[in-house]
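Following: one structure in structure tokens, then a few remarks.
In what follows, chains carry the letters A, B, and so on, assigned in the order in which the sequence lines appear, proteins first and then strands, with residues in each chain numbered from 1. Just so it is clear, the structure is predicted and the values come from calculations on it, not from any experiment.
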Number of protein chains: 2
Amino acid sequence: MIRIVLVDDHPVVRAGLRALIEGQEDLVVVGEADGLEQALSVVAAEPPDVVLMDLSLGTDSAGGAEVTAALRALESPPEVLVLTTYDTESDILRALEAGARGYLLKDAPPEQLFGGIRATARGETVLAPSVAATLVRRTTPGASTVTDREVEVLELLSRGLGNKEMARELFVSEATVKSHLSHIYTKLGVDTRAGAVAVAIERRIIRA
Amino acid sequence: MIRIVLVDDHPVVRAGLRALIEGQEDLVVVGEADGLEQALSVVAAEPPDVVLMDLSLGTDSAGGAEVTAALRALESPPEVLVLTTYDTESDILRALEAGARGYLLKDAPPEQLFGGIRATARGETVLAPSVAATLVRRTTPGASTVTDREVEVLELLSRGLGNKEMARELFVSEATVKSHLSHIYTKLGVDTRAGAVAVAIERRIIRA
DNA sequence: CCCGGCATCAACCGATCGGCTATCCATCCG
DNA sequence: CGGATGGATAGCCGATCGGTTGATGCCGGG
């Protein structure tokens, strides 16, 4: 019997996942949480084998990546399987760096979800195809790779910030931001900020 | 027995909603769809009383608003209850203009969902509290109201477009765009484009 | 050890943005 | 019938922004 805890801020999704999972003989949901605190207390009270983690947990709570990191920092940490809507480079990297064992998308068919949970419980790594593709493309040498810092700039850019504001946000000078932007332009093959945002979204470097 | 069709591009959410709903004596799911075509054929094959509609249906398909409009254009149209994640002014307005009867958020408790479905089947209007608040604020006289056109500009702005690009996108002259922007600045109490985007997101006029 | 990638920064210059004033037209409403 | 509102447009001008180029320091790999 694989013990599962759900972490998602949507009651509908939680209840839905619970209903789906409990239709499986070998899976049982032992708890639900909608944020960091609940997740910690539930996991402590009913130690699960696998935690199903949503990444976007509403604005008030910590993000799923932080919650994942917090859970993985426990003495005997549960395996974490991320189940979310977005498959952008930054989301994936953050989650995996936080210690997630797998990364599935919410538009996956239920069978894939069940299989993923079982594989995660066995300690295997589970990645949705598009997620795997993103990671491969990232480590492919030839492809022009956007650096972490540049991704940060792209995210701010997509929020419509000006150079000065980005500089303030990143604690660097405006000149540095401009430099990052120039590099981004060459790497993405564009020459304007709007174009950069478009391509970055297109290539799933950031999310819309 | 209230007959329901689910329209959502996430299998997990669809299956989850189905499981939840079928736990209710008086509700039955008679079909699921993940986009416009499926929705039309399913509704034709198994005429429902209520359609539960997600607004963001993946990039390839039409949006939930268009699907809603298409369904409401049928001879004997089903009632449409929007069930989505976002409660921005533009989303709400688009959905209601398309003929949706109600608007609930996915973070609503299941009970509210069931009640909403029953009310919708009776032809009543169902709005989540925050949605109602947004609508009220919009029709409140004193508050500086951003016009529809200005919202369009704000959305383009949040995508990082320049004035010239917005002008092209909206089929107007650059002067017009600037004029809209000036009005937006005064109404939102800011003096930069990035600031306008920030306040617009903050006030839920557009979504991040 | 030296090269390359990454992050940082400075100075320069042209494009643009922002703010202003003013006009025109359609629609809606009392 | 006015009057108000929303939308579209023009022209102006100075401040600022955005983009390029070039240069520095740091770190890790070959």
Exercise for review: Assess the side chains of B:Asn163 and B:Arg193: does a donor N or O sit below 3.5 Å from an acceptor N or O?
Suggested key: yes

Review point. Does A:Glu97 have any salt bridge (Lys or Arg N to Asp or Glu O under 4.0 Å) partners at least two apart in sequence or in another chain, and if so, which?
Key: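 Result, salt bridge (Lys or Arg N to Asp or Glu O under 4.0 Å) vs A:Glu97: none returned.
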
Exercise for review: Please list, chain by chain and in numerical order, all residues satisfying side chain to side chain donor-acceptor pair (under 3.5 Å) with B:Glu202, sequence neighbours excluded.
Suggested key: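 None.
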
Practice item. Return the residues of residues 160-169 of chain A meeting this criterion: a heavy atom under 4.0 Å from some atom of DNA chain C. Order them by number, or give none. Key: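 Close to the strand, none.
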
State, with a plain yes or no, whether a side-chain heavy atom of [X] is found less than 4.5 Å away from one of [Y].
X: B:Leu83; Y: B:Leu113; answer: yes
X: A:Thr147; Y: A:His183; answer: no
X: B:Asp34; Y: B:Asp8; answer: no
X: B:Asp91; Y: B:Asp87; answer: no

Practice item. Would you mind listing every side-chain hydrogen bond (donor to acceptor under 3.5 Å, both in side chains) that reaches into residues 71-82 of chain B, with sequence neighbours excluded? Key: B:Glu79-B:Arg101

**Study point:** Passing candidate, side chain to side chain contact (heavy atoms under 4.5 Å, CB included) with B:Leu17, options B:Leu6, B:Val12, B:Val29
**Key:**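 Testing B:Leu17 for a side chain to side chain contact (heavy atoms under 4.5 Å, CB included) against B:Leu6, B:Val12, B:Val29 leaves exactly one candidate, B:Leu6.
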
Output one line per pair: protein atom, nucleotide atom from nucleotides 23-30 of chain C, and distance, for all N/O pairs under 3.5 Å.
none

Kindly list each side-chain donor-acceptor pair under 3.5 angstrom involving residues 46-54 of chain A, sequence neighbours excluded, with atom names and distances?
unit_1	atom_1	unit_2	atom_2	d
A:Glu46	OE1	A:Arg3	NH2	2.7
A:Asp49	OD2	A:Arg3	N	2.7
A:Asp54	OD1	A:Thr84	OG1	3.4

Review point. For nucleotides 7-12 of chain C, read 5' to 3', which letter fits each nucleotide if B means a protein heavy atom sits under 4.0 Å from the base, S means only the sugar-phosphate is that close, and - means neither?
Key: SBBB--

Exercise for review: Taking heavy atoms of chain A and a 4.0 Å limit, find me the 5'-most and 3'-most nucleotide of DNA chain D within that range.
Suggested key: D:dC17 to D:dT20

Practice item. Only counting residues at least two apart or in another chain, list the ones meeting side chain to side chain contact (heavy atoms under 4.5 Å, CB included) with B:Ser41. Key: none

Practice item. Using a cut-off of strictly less than 4.0 Å, decide whether B:Tyr185 has a side-chain nitrogen or oxygen near OP1 or OP2 of C:dG18. Key: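 Indeed, a polar side-chain atom of B:Tyr185 lies that close.
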
Check your understanding: Can you name the closest pair of heavy atoms from B:Phe114 and B:Ile21 and give their distance?
Key ->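 Looking at all heavy atoms of both residues, the closest pair is CE2-CA, 4.0 Å.
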
Which pairs of donor and acceptor atoms, one on a side chain in residues 115-128 of chain A, lie under 3.5 Å apart (sequence neighbours left out)?
unit_1	atom_1	unit_2	atom_2	d
A:Arg118	NE	A:Asp26	OD1	3.4
A:Arg118	NE	A:Asp26	OD2	2.6
A:Arg118	NH2	A:Gln24	OE1	2.7
A:Arg118	NH2	A:Asp26	OD1	3.1
A:Thr120	OG1	A:Gly116	O	2.7
A:Arg122	NE	A:Glu124	OE2	2.8
A:Arg122	NH2	A:Glu124	OE2	3.4

Review point. Axis-to-axis angle across the helix from C:dC1-D:dG30 to C:dG30-D:dC1, five pairs an end, to 10 degrees?
Key: 40°

Review point. Looking only at atom types and distance, does a side-chain atom of A:Thr176 sit under 3.5 Å from a main-chain N or O of A:Val172, one as donor and one as acceptor?
Key: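 No, because the side chain of A:Thr176 does not come within donor-acceptor range (under 3.5 Å) of the backbone of A:Val172.
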
Point to revise | Contact list for residues 150-162 of chain A, test salt bridge (Lys or Arg N to Asp or Glu O under 4.0 Å), sequence neighbours left out | key: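 Sorted pair list: A:Arg94-A:Glu155, A:Arg149-A:Glu152, A:Glu150-A:Lys187.
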
